[in-house]
There are 2 protein chains.
Amino acid sequence: MASKNMSDIIEAYLKQLLKRSALVEVQRIELARKFDVVPSQINYVLRTRFKPEQGYLVTTKRGDGGYLKIQSGPDQQKIQDLVDKMNQLSDELSWPECQILLRWLRQTGWVSKREVRLLETCLEALGSDRTAKQQRAHLMRQTLKQLSFDLEREDEE
Amino acid sequence: MASKNMSDIIEAYLKQLLKRSALVEVQRIELARKFDVVPSQINYVLRTRFKPEQGYLVTTKRGDGGYLKIQSGPDQQKIQDLVDKMNQLSDELSWPECQILLRWLRQTGWVSKREVRLLETCLEALGSDRTAKQQRAHLMRQTLKQLSFDLEREDEE
DNA sequence: GTGATAATGGTCAAGAAAGGTCAAATTTAT
DNA sequence: ATAAATTTGACCTTTCTTGACCATTATCAC
């Protein structure tokens, strides 16, 4: 098929690797050497063929031992699920309903354990009928408390 | 695959030891010899991979019988700073004051960029005078929106 | 005690080994 | 023929490695 230019060939090569492993790590120099192109062409391929809006995430490291990492990123289906959940949300939510939602967010990997705790803190701070300024103070205070608590028990993720 | 350079390997070695014992004590010279690098590279690894803001505490002793001690986990001083900030908090906070506080949380490494956005979302949802149930719904809705937005532009950290 | 010496660890700057950027030159498509 | 896409190369930034020189601590000889 019409893969006449090098950029297309390199793109195809990387995307084939991505089908197998969801995370591809290569060295720019190695890749350039393999296809006998100049290193900066690799950047061109990444810029034009692996754009974030097409669902790819590229991270790099410079210096000795540097690399390129390519992940096939945000799953369109996942985003659609999230949007669906948003639209299903009614105008009022009880605390148990919130907890169910938070569990879903955690289980589907949208947020970390730590972020769940942060959000719980925020939600709990909402209960009263104080003014906005007072609520902010209360919220920040609870959040700070939560943060130091997080640090003490080093659960992680 | 990821550990192409010595610094990464030494980092991994030390962090593995840390998982078991929470306090690692080694001699710089010994470690350097073990991995066949110059001693000062050990300092480099400690400086770049075991920063205090990442939750590590390194203490050393020079001279005969010298050592390096590496501790991970809750930095007592950091927690004290946080508690101090908490106590300074007044009962009312304007939005600009909140933003200053959030900047401090970010700069001192307590929270990530993503978490700042999450908290901002929560705080902004506080403005109204609706009931708690309504506020929860609004808060969750804003949070979900923020999450999908976060994913689309994969800033990171 | 005091001073020399040996045994550690610390600092800093230069060089090496990646990857990044940008624009000119070339090729391809309309 | 022009516009868009690709290819190349000169120059830049970040990260790692090394080595020369500095600082601190313990021990031993006196």
Side-chain angles (χ1 to χ4, degrees), chain A residues 1-18 23-54 56-71 73, chain B residues 1-18 23-54 56-71 109 113 153-157:
Chain A
M1 262 251 248
S3 294
K4 298 197 64 170
N5 61 55
M6 262 305 159
S7 291
D8 284 343
I9 295 173
I10 296 172
E11 173 192 8
Y13 171 73
L14 290 174
K15 287 191 173 169
Q16 200 210 341
L17 289 187
L18 267 177
L23 169 64
V24 170
E25 178 173 338
V26 287
Q27 288 207 293
R28 191 180 74 153
I29 277 191
E30 277 312 308
L31 198 53
R33 201 152 21 214
K34 182 184 190 91
F35 290 100
D36 194 34
V37 296
V38 105
S40 62
Q41 180 156 5
I42 305 301
N43 295 85
Y44 174 72
V45 172
L46 294 178
R47 218 182 327 116
T48 56
R49 321 295 221 264
F50 294 83
K51 294 194 259 229
E53 58 267 39
Q54 290 165 349
Y56 295 96
L57 173 61
V58 176
T59 47
T60 66
K61 187 182 158 199
R62 300 189 183 187
D64 208 346
Y67 55 72
L68 311 172
K69 274 186 195 165
I70 312 172
Q71 301 171 66
Chain B
M1 248 203 228
S3 300
K4 286 276 294 186
N5 62 55
M6 262 307 157
S7 292
D8 284 343
I9 294 173
I10 296 171
E11 173 193 9
Y13 171 73
L14 290 174
K15 287 191 172 170
Q16 201 209 341
L17 290 187
L18 268 176
L23 169 64
V24 169
E25 178 172 339
V26 287
Q27 287 206 297
R28 190 180 74 150
I29 277 191
E30 275 314 307
L31 197 53
R33 200 151 22 214
K34 182 184 190 91
F35 290 100
D36 195 33
V37 297
V38 281
S40 62
Q41 181 156 4
I42 305 301
N43 296 85
Y44 174 73
V45 172
L46 294 179
R47 217 182 327 117
T48 55
R49 320 293 220 269
F50 294 83
K51 295 193 256 228
E53 58 267 39
Q54 290 165 353
Y56 295 96
L57 174 60
V58 176
T59 46
T60 66
K61 189 184 155 197
R62 299 188 184 188
D64 208 347
Y67 56 73
L68 310 172
K69 276 186 194 165
I70 312 172
Q71 300 172 69
K113 262 190 193 171
R153 49 176 186 146
E154 206 91 357
D155 282 305
E156 287 322 296
E157 162 56 358

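We name chains A, B, ... by the order of the sequence lines, and we start the count at 1 in each one.
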Chemist: Taking the side chain of A:N5 as its heavy atoms from C-beta onward, which of D:dT6, C:dA17, D:dT18 lies nearest to it?
Modeler: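 Within the option list, the nearest is D:dT6.
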
Chemist: Checking all strands, does B:R49 fall into the base, sugar-phosphate, or nothing category for heavy-atom contacts under 4.0 angstrom?
Modeler: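 B:R49: backbone/sugar contact only, no base atoms under 4.0 Å.
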
Chemist: Once rounded to the nearest 0.5 Å, what's the spacing between atom CG of B:D8 and atom CG of A:D64?
Modeler: 9.5 Å

Chemist: Taking atom P of C:dG9 as reference, at what distance in whole Å does atom CG of B:L68 sit?
Modeler: 6 Å

Chemist: Report yes or no: is there a donor-acceptor pair, N or O only, under 3.5 Å between the side chain of A:R62 and the base of D:dT15?
Modeler: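 Flag unset: no donor-acceptor pair detected.
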
Chemist: Would you kindly give the CD1-to-C1' distance between B:I70 and C:dG9, to the nearest whole Å?
Modeler: 14 Å

Chemist: Looking at C:dA17, I'd like to know if its phosphate oxygens (OP1 or OP2) sit under 4.0 Å from a side-chain N or O belonging to B:K4.
Modeler: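 No, B:K4 has no side-chain N/O under 4.0 Å of OP1/OP2 on C:dA17.
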
Chemist: Rounded at 0.5 Å granularity, tell me how far NZ in B:K61 sits from CZ in B:R28.
Modeler: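 Rounded to the nearest 0.5 Å, the NZ-CZ separation comes out at 15.5 Å.
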
Chemist: What nucleic acid atoms does A:S40 come within less than 4.0 Å of, heavy atoms only: base, sugar-phosphate, or nothing?
Modeler: base

Chemist: Side chain of B:Y44: nearest nucleotide among D:dT7, D:dA26, D:dT17?
Modeler: D:dT17

Chemist: For D:dC16, does either OP1 or OP2 sit under 4.0 Å from a side-chain N or O belonging to B:Q41?
Modeler: no

Chemist: Which atoms form the tightest heavy-atom contact between B:N5 and B:R49, and what is the distance?
Modeler: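 Reported closest heavy-atom pair: OD1-NH2, 4.0 Å.
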
Chemist: D:dT6, C:dT8, D:dT8: which one has an atom nearest the side-chain heavy atoms of A:V37?
Modeler: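 Nearest to the side-chain atoms of A:V37, counting from C-beta on, is D:dT8.
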
Chemist: Can a side chain N or O of B:S7 be found less than 4.0 Å away from OP1 or OP2 on D:dT15?
Modeler: no

Chemist: Can you tell me which nucleotide in C:dG20, D:dT17, D:dT7 comes closest to the side chain of A:R28?
Modeler: C:dG20

Chemist: Please report, rounded to the nearest Å, how far the C1' atom of D:dT6 is from the CD1 atom of A:I42.
Modeler: 13 Å

Chemist: Which distance, rounded to the nearest 0.5 Å, do you find between the CZ of B:F50 and the CG of B:L18?
Modeler: 6.0 Å

Chemist: Does C:dG10 have its OP1 or OP2 closer than 4.0 Å to a side-chain nitrogen or oxygen of B:T60?
Modeler: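 Checking C:dG10 against B:T60, a side-chain N or O does come within under 4.0 Å of OP1 or OP2.
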
Chemist: Kindly point out which of C:dT8, D:dT18, D:dA26 is positioned nearest to the side chain of B:I29?
Modeler: C:dT8

Chemist: Identify whether any heavy atom of A:G63 sits under 4.0 Å from a base atom; if not, whether one sits that close to sugar-phosphate; answer base, sugar-phosphate or nothing.
Modeler: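 Base: the residue A:G63, judged by heavy atoms under 4.0 Å, touches a nucleobase.
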
Chemist: To the closest 0.5 Å, what do you measure between CG (B:L46) and CD (B:E11)?
Modeler: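 Taking CG in B:L46 and CD in B:E11, the distance rounds to 10.5 Å.
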
